[in-house]
There are 4 protein chains.
Amino acid sequence: MARIKSPEKRSAILEAAVHEIVEAGLGAPTAKIARRAGVAEGTLFTYFASKDELLNELYFEIKSELYRRMNAEFPHGASLKERAWYLWSGFLVWAIENPEKRKVSVQLNVSNLITPETRARTTEDRRGIDAILADLSKSPALSEMPAGFAAAMMGAMHEATSEMVAQYPKKRKKLIEQAFRVFWRAVQ
Amino acid sequence: MARIKSPEKRSAILEAAVHEIVEAGLGAPTAKIARRAGVAEGTLFTYFASKDELLNELYFEIKSELYRRMNAEFPHGASLKERAWYLWSGFLVWAIENPEKRKVSVQLNVSNLITPETRARTTEDRRGIDAILADLSKSPALSEMPAGFAAAMMGAMHEATSEMVAQYPKKRKKLIEQAFRVFWRAVQ
Amino acid sequence: MARIKSPEKRSAILEAAVHEIVEAGLGAPTAKIARRAGVAEGTLFTYFASKDELLNELYFEIKSELYRRMNAEFPHGASLKERAWYLWSGFLVWAIENPEKRKVSVQLNVSNLITPETRARTTEDRRGIDAILADLSKSPALSEMPAGFAAAMMGAMHEATSEMVAQYPKKRKKLIEQAFRVFWRAVQ
Amino acid sequence: MARIKSPEKRSAILEAAVHEIVEAGLGAPTAKIARRAGVAEGTLFTYFASKDELLNELYFEIKSELYRRMNAEFPHGASLKERAWYLWSGFLVWAIENPEKRKVSVQLNVSNLITPETRARTTEDRRGIDAILADLSKSPALSEMPAGFAAAMMGAMHEATSEMVAQYPKKRKKLIEQAFRVFWRAVQ
DNA sequence: GATGAATGAGGTTTCATTCAT
DNA sequence: TATGAATGAAACCTCATTCAT
């Protein structure tokens, strides 16, 4: 058999795409992405049929990585508050450790490029997370709100907190905890 | 003397840009924007020196319009809660009435295209708003958080609420009110 | 108003396309066509939306030119034989004077690029020619053959004669006449 | 010793090339040809050093097959008319049974890809055919025409008849016979 | 010999911007 | 000022061919 398609190369391309998009936006040329990944221009297209597919895969991989990480040491038996805290801090730590991926994920999310199929695939790995959010939604404060509100709010507050942490990296631990307190008061 | 540059044409171009960007992202061609605005390709460049400048102006105009509107009937003497409510509902009503502008504003905001100068200009019209946010920041819940946290939090919860209102437009009044209650509890 | 799209440039592009296709086949690059026509690469696409459209237009123009020429001094009242001769010699003279266009026309014709619409447009200018062919079809030799047979036969014999004339250009007059005699005997 | 190159694979590639060229023209990618033939992309190049060579071989094989078939039951002693009829009908039956090969052969013929060497190789198997055509050329009608005229005309009229048969497949027998009558009258 | 991943030159087309009218 | 034709760099993608396996 010929050479087998190498997962390393695939990853290198996705990784390179993250950097280039951070620097140049979604218009970042495939040629530059390929160069940064250390492969030929054409090689990129043996791994991804088109730039659009590359971007969809990138979105999926970023979300996947995050969710996989969140599911890793999930405290299944713990109290709702403990589980909520696990979610809250887990996401923020990831976001802080991967600021570029977070930025790219946001850009892809507001673009029109991500297909419904990709979004659907993305949802599959969210079971654990969604269970917590469903429980949160039952609290008196949110009981009359529509289903996704708890999730939307957590996402939004994550966003805000990430932004603050990016500005004051030294206070990161305190910011995460205090923001959680605000969040918890809101949803109780 | 020569003709004067017409404010109507300028507005038409900005308006057209909003539609095109919603449909095609920030890569929307200037030629299509011009056509939609009913002007010639070249004319666009007599109003805006470059596409980047157009996008910066667009961002500024959207923010300006929003802030101008917020400042219009500002309840200067009112209580903090009343003023917070004014802010809360004012923004959401605008966001609901201008979903395209909101989307474009988000896209521009996460792109690398908006210059610090534009962001600075944008801040000028925020005096009234910032006064409220500064007062909010003094509340016990937020007193130890950095300066922008209250603003970020409000923005985040606005985001979440906008999303929900977009999904359930009929419940819009109730959603705005209940979400405000959640917000107010969180920041108190 | 801005510059008006110049028919000269359009013609230059079509003309250049003929030369390039003769030299390099239908795969001739648009860039080379543009260069030969003395215009920028992009200019080609302001005159023809795509390479396919360019090739369709080229096919149409070649056919058009030929038919226009055939209709020019048409001997409307003359006998069938005289009119057949007019057709026969007219086409051959054109083919001999325009060997490149003839070659390109053949290549386009056997390719899959020419749309039914283009073929239909092409037929419009053929009235005079078709009238003769219809009369020819009524001869005893062809009366039982399907409608297009006379045309196909004439085309075929033209083809053969053109080929011979290309090989023996000096005998061209004699070849055209003798071949017509053969043709006429065949269809009588 | 290593495996020997399989004639079946060679044929499969040529066969696949016919189909692909009919569908996509001479620009048909070697990758698609290989896939359709059921071999790997690279394998194609162990059988044919380049795409050009593949196309030349294809042209040669098509012509070869046709001529081999024509030579099969050749009526050596028969009258000129009988032999001409054998040629006429033999070719047309082949053309009708192999419309794709005929089309590809025409396309290759008008392209610039076929080398003089290939054309020369092609001529070798034509002895029987050329003998008939030489005899035909001596007829009073053609005696003053250059050598290849009879062949060119037969080819052209074949072309025309093939086209008609393709349109009216049911009348095929009658068309072939009547067209031969026209042809015969022309060359007598 | 067979495979198909890798290559990168080259193809078509788009698009921000300029400039003659 | 307004126009839109003209420009050519640069984008995405294709494809014949090579070569490691």
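Lettering follows sequence order; numbering is per chain, from 1.
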> Out of D:Lys5, D:Glu61, D:Glu15, which one pairs with D:Arg10 under the side chain to side chain contact (heavy atoms under 4.5 Å, CB included) rule?
Replying inline: D:Glu61

> DNA chain E: B:Asp52 or C:Ser50, which has the more 5' nearest nucleotide?
Replying inline: C:Ser50

> To the nearest 0.5 Å, what is the distance between CD1 (B:Ile13) and CD1 (B:Ile33)?
Replying inline: 9.0 Å

> Which value, rounded to the nearest 0.5 Å, describes the distance between A:Ile62 atom CD1 and A:Glu65 atom CD?
Replying inline: 8.0 Å

>> Using whole Å, what does the distance between atom C1' of nucleotide F:dA16 and atom CG of D:Leu113 come to?
In response: 14 Å

> Is it true that B:Lys63 and B:Glu124 have a side-chain N and a carboxylate O under 4.0 angstrom from each other?
Replying inline: no

>> Please compare B:Thr46 and C:Ser6 by the position of their nearest nucleotide in DNA chain F and report the one closer to 5'.
In response: B:Thr46

> Would you say the base of F:dC13 and the side-chain of A:Glu41 have a donor-acceptor pair closer than 3.5 Å?
Replying inline: yes

>> Strictly below 4.0 Å, N to O, side chains only: are D:Arg35 and D:Glu41 in salt-bridge contact?
In response: no

>> Any salt bridge linking A:Arg102 with A:Glu159? Criterion: basic side-chain nitrogen under 4.0 Å from a carboxylate oxygen.
In response: yes

>> Would A:Thr115 and A:Thr118 count as a side-chain hydrogen bond (donor to acceptor under 3.5 Å, both in side chains) here? Give the steps.
In response: CA-CA 5 Å; A:Thr115 65; A:Thr118 301; 3.0 Å; yes

> Which whole-number value in Å describes the distance from A:Arg10 CZ to E:dA6 P?
Replying inline: 13 Å

> Starting at CD1 of C:Ile4 and ending at C1' of F:dA6, how long is that distance when rounded to a whole Å?
Replying inline: 13 Å

>> In this structure, how many angstroms lie between the P atom of E:dG11 and the NZ atom of C:Lys32, rounded?
In response: 8 Å

> Base, sugar-phosphate, or nothing for D:Lys9, non-hydrogen atoms under 4.0 angstrom?
Replying inline: sugar-phosphate

>> The side chain of D:Pro29 is closest to which nucleotide in this list: F:dT3, F:dC15, E:dT13?
In response: F:dC15

> How long is the line joining CG of C:Leu54 and P of E:dG11, in whole Å?
Replying inline: 15 Å

> Looking across every strand, which nucleic acid part, if any, lies under 4.0 Å from B:Tyr47 by heavy atom: base, sugar-phosphate, or nothing?
Replying inline: sugar-phosphate

>> Rounding to an integer number of Å, can you tell me how far C:Ile13 CD1 sits from F:dA5 P?
In response: 13 Å

> Within 45 degrees of the axis of the six-membered ring of C:Tyr59 and under 6.0 Å from its centre: does C:Arg119 put its NZ or CZ there?
Replying inline: yes

> How close or far is atom C1' of E:dT7 from atom NZ of A:Lys5, stated in whole angstroms?
Replying inline: 15 Å

>> Nearest to the D:Phe45 side chain among F:dT3, F:dT17, E:dT13, which nucleotide is it?
In response: F:dT17

>> If you assign B:Lys51 and C:Lys51 each to the DNA chain E nucleotide with the nearest heavy atom, which residue ends up on the more 5' nucleotide?
In response: C:Lys51

> C:Gly38 or A:Ala49: which one's nearest nucleotide on DNA chain F is closer to the 5' end?
Replying inline: C:Gly38

>> Please report the distance, rounded to the nearest Å, between CZ in C:Phe48 and P in E:dT12.
In response: 15 Å

> For DNA chain F, what is the dot-bracket line, given that a base pair needs Watson-Crick (N1 to N3, plus N6-O4 or O6-N4) or G-U wobble (N1-O2 and O6-N3) geometry with both distances under 3.5 Å, and | means paired with another strand?
Replying inline: .||||||||||||||||||||

> Within the structure, does a side-chain N or O atom of B:Thr30 lie under 4.0 Å from either OP1 or OP2 of E:dA16?
Replying inline: yes

